[in-house]
Each structure stands twice: as structure tokens, then as C-alpha cells.
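Reading through the C-alpha cells given below for one structure.
Residue numbers start from 1 in every chain, and the chains themselves are labelled A, B, ... in the order their sequence lines are given, proteins ahead of strands.
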Amino acid sequence: MTVHVEVRGVTQTPLDPAEALAFVEAPGHGAGALFLGAVRNRNQGRDVKGVSYDVFAPLAEQSFREICAEAQEKWGAHLRLFVVHGKGRLDVGGLSIVIAAGTPHRDEAFRACRYVIEEIKNRSPVWKQEHYTDGDSEWVQGHALCQHGDQTHTHAHG
Amino acid sequence: MNDVIIQMFGAFRPMGTDIRLSLPVGATVVDVRKAFSDKIPGDLHDLLAVSRFADERAILAENAVLPDGAKLAILPPVSGG
């Protein structure tokens with residue numbers, strides 16, 4: 001397998017970037033790119049203490065597989081990809097997503113990694129609920145999903 | 001009649017884990033949307049208008065006919081990553 005996708009509970013066990021990089025290594029690959037998404041302490045003027053991630057896991061993993069297949073069409077079947085998205089509550093600094101891309105040369109690795117995170121943010125069924133230091137919580141406004149007749153693909157209006 | 005379960009996600013979570021709708025055999029996603037709208041508070045209607053129904057494999061077209069015992073999810077605008 002050249003692709004690993006997963007939704008994983010992160011409240012107890014943090015995501016591990018080393019696992020992602022190890023998966024995308026190969027003898028012919030001279031490049032590995034890593035993207036980490038983490039909870040930050042401020043959003044839209046409000047002080048954030050944590051985020052809860054809600055995920056429709058079966059469809060999210062399906063969307064990850066579709067996005068990775070698209071990346072392999074663009075940059076070649078040799079492209080190795082690792083995508084794990086967290087589910088559950090994280091404090092500031094906690095990792096919500098880890099993506100790694102392994103390729104022979106650096107350009108495809110950077111591009112593939114960027115493609116996968118941007119498409120996930122637009123298309124995958126994941127929702128953030130921010131928890132603020134004042135005790136309030138809000139669901140983050142996101143990208144509305146659309147459907148273009150081909151029921152095997154998810155898309156979004158950004 | 002055909003029972004359909006709708007799993008809640010994101011800002012629909014305060015409504016519970018899921019709700020059950022009873023719809024005529026041959027109902028479409030349009031029918032689900034109407035029945036679902038009647039079950040949720042008015043302040044969620046604007047969110048429903050920009051949300052989609054899906055099963056575990058794909059977002060469903062509004063004219064898709066539901067199979068017996070369908071288990072769907074309501075997907076508000078997404079904010080992952």
C-alpha cells in the first residue's frame with residue numbers, strides 16, 4: 001500500500017509525525033514533506049483554550065482516499081501519502097492532522113502535501129468546535145459542501 | 001412507510017446523536033430535508049439550507065431515492081484540518 005488514511009481518536013494518544021514520515025519513506029524517494037495542523041490559542045479575536053473535532057469517519061476516510069488518488073494522478077503512482085485526522089478534544093498545541101508525502105524529488109512532495117491539506121479543508125466531513133477561555137464554545141463556520149452528480153466525489157464551495 | 005435515521009454532526013450535535021424520520025417508500029433526499037426541517041428548531045433552518053445529506057460513501061443528490069432502512073448523516077459546512 002502506498003497510501004494510509006485514517007480518522008483516529010486523539011484525546012488520549014497524540015498523533016505522531018515520526019509515524020507519518022516513516023510510512024512515506026522508500027529507497028527511491030529522496031524527499032519527504034510533512035504538514036502538521038495544530039490548535040492555536042487565538043481565532044478571530046477570541047482566546048481559545050481547546051478545540052473539539054467532530055468527524056463523520058467513514059465518509060471522511062473515503063474523501064481522504066479520493067484526494068490521495070487525485071494526488072497520485074497528478075504526481076505519479078510512486079507518491080506515498082500518509083493522512084491521519086484527529087477526532088475528539090485537543091488543547092492548544094495539540095495536533096489535529098498529520099500529512100506526509102514521499103516522492104523522488106522535493107517539488108512533488110511539497111505540492112502533494114499542500115494539495116492534500118487544502119482539499120481536506122474544503123471537502124472532508126470534519127467540524128471544529130472552539131472552546132474559549134471565557135467558557136463559551138462555538139462551532140466554526142466552514143465551507144458548504146456540494147455535489148456534482150457523481151456520487152463518488154465530495155466537493156465544496158469555498 | 002420507511003424509517004430513516006439521520007446522524008447529527010457539527011452544529012446539529014445539540015439535537016442529539018441521531019433522529020429517526022418516517023417517510024413513504026420511494027422518498028427522496030428532498031423529502032428527508034422537509035421532514036428533518038420540521039424536527040429542528042427554527043434557528044437551525046439557515047444552517048440546514050447550506051447543509052447536505054450523505055451516506056457513508058458519498059454526498060447524496062437531492063433527487064436520490066432512499067433505500068429501505070437508510071442511515072444518513074446531515075453535514076453542515078465543514079471546517080477540518
Side-chain angles (χ1 to χ4, degrees), chain A residues 7 35-39 43 51-67 83 85-87 95-99 116-130 137-158, chain B residues 4-21 26-34 36-37 40-67 69-81:
Chain A
V7 172
F35 174 81
L36 305 177
V39 176
N43 190 34
V51 171
S52 292
Y53 289 83
D54 192 15
V55 186
F56 183 29
L59 186 60
E61 290 178 349
Q62 170 72 13
S63 72
F64 300 163
R65 281 190 287 272
E66 290 170 2
I67 291 164
V83 179
H85 201 301
K87 179 179 180 180
L95 293 179
S96 58
I97 187 166
V98 173
I99 299 169
V116 171
I117 181 58
E118 298 298 340
E119 293 300 310
I120 286 174
K121 289 184 86 73
N122 283 329
R123 292 162 54 178
S124 297
V126 179
W127 302 270
K128 280 180 196 151
Q129 186 184 33
E130 290 182 334
S137 293
E138 293 267 1
W139 291 97
V140 174
Q141 287 191 333
H143 300 272
L145 295 165
C146 66
Q147 188 271 346
H148 293 293
D150 177 354
Q151 294 195 11
T152 64
H153 286 74
T154 51
H155 295 271
H157 290 299
Chain B
V4 176
I5 292 172
I6 313 292
Q7 299 177 79
M8 303 295 190
F9 289 97
F12 289 104
R13 281 283 191 190
M15 297 287 303
T17 304
D18 56 48
I19 63 169
R20 185 180 296 265
L21 303 175
T28 66
V29 172
V30 171
D31 301 315
V32 170
R33 188 177 288 280
K34 285 180 187 158
F36 186 83
S37 177
I40 62 174
D43 60 0
L44 288 176
H45 286 177
D46 285 349
L47 183 66
L48 177 59
V50 292
S51 299
R52 303 302 306 263
F53 290 90
D55 62 20
E56 292 190 351
R57 293 172 296 113
I59 295 170
L60 301 176
E62 292 293 300
N63 62 359
V65 176
L66 303 177
K71 191 170 184 182
L72 307 185
I74 179 70
L75 311 183
V78 298
S79 55

Top contributor to chain B interface from [options] [non-hydrogen pairs under 4.5 Å]:
{"options": "A:E118, A:H85, A:K128", "value": "A:K128"}
{"options": "A:D54, A:I120, A:I117", "value": "A:D54"}
{"options": "A:G86, A:A57, A:P58, A:S96", "value": "A:P58"}

[atom1]/[X] to [atom2]/[Y] distance, rounded to the nearest 0.5 angstrom?
{"X": "B:E56", "Y": "A:E61", "atom1": "CD", "atom2": "CD", "result": "10.5 Å"}
{"X": "B:I59", "Y": "A:L145", "atom1": "CD1", "atom2": "CG", "result": "4.0 Å"}
{"X": "B:I74", "Y": "A:F56", "atom1": "CD1", "atom2": "CZ", "result": "11.0 Å"}
{"X": "A:W139", "Y": "B:F9", "atom1": "CH2", "atom2": "CZ", "result": "10.0 Å"}

Nearest heavy-atom pair of B:R57 and A:Q62: which atoms, and what distance?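 Reported closest heavy-atom pair: O-CG, 3.5 Å.
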Distance-minimising heavy-atom pair for A:L59 and B:D55: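 Distance-wise, the nearest heavy atoms are CD2-O, 4.0 Å.
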Toward chain B, the part of [X] with a non-hydrogen atom under 4.5 Å:
{"X": "A:Y53", "value": "side chain"}
{"X": "A:W127", "value": "both"}
{"X": "A:V51", "value": "neither"}

How about A:Q141 and B:S79: do any of their side-chain heavy atoms sit closer than 4.5 Å?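 A side-chain contact is absent here, since even the closest heavy-atom pair is not under 4.5 Å.
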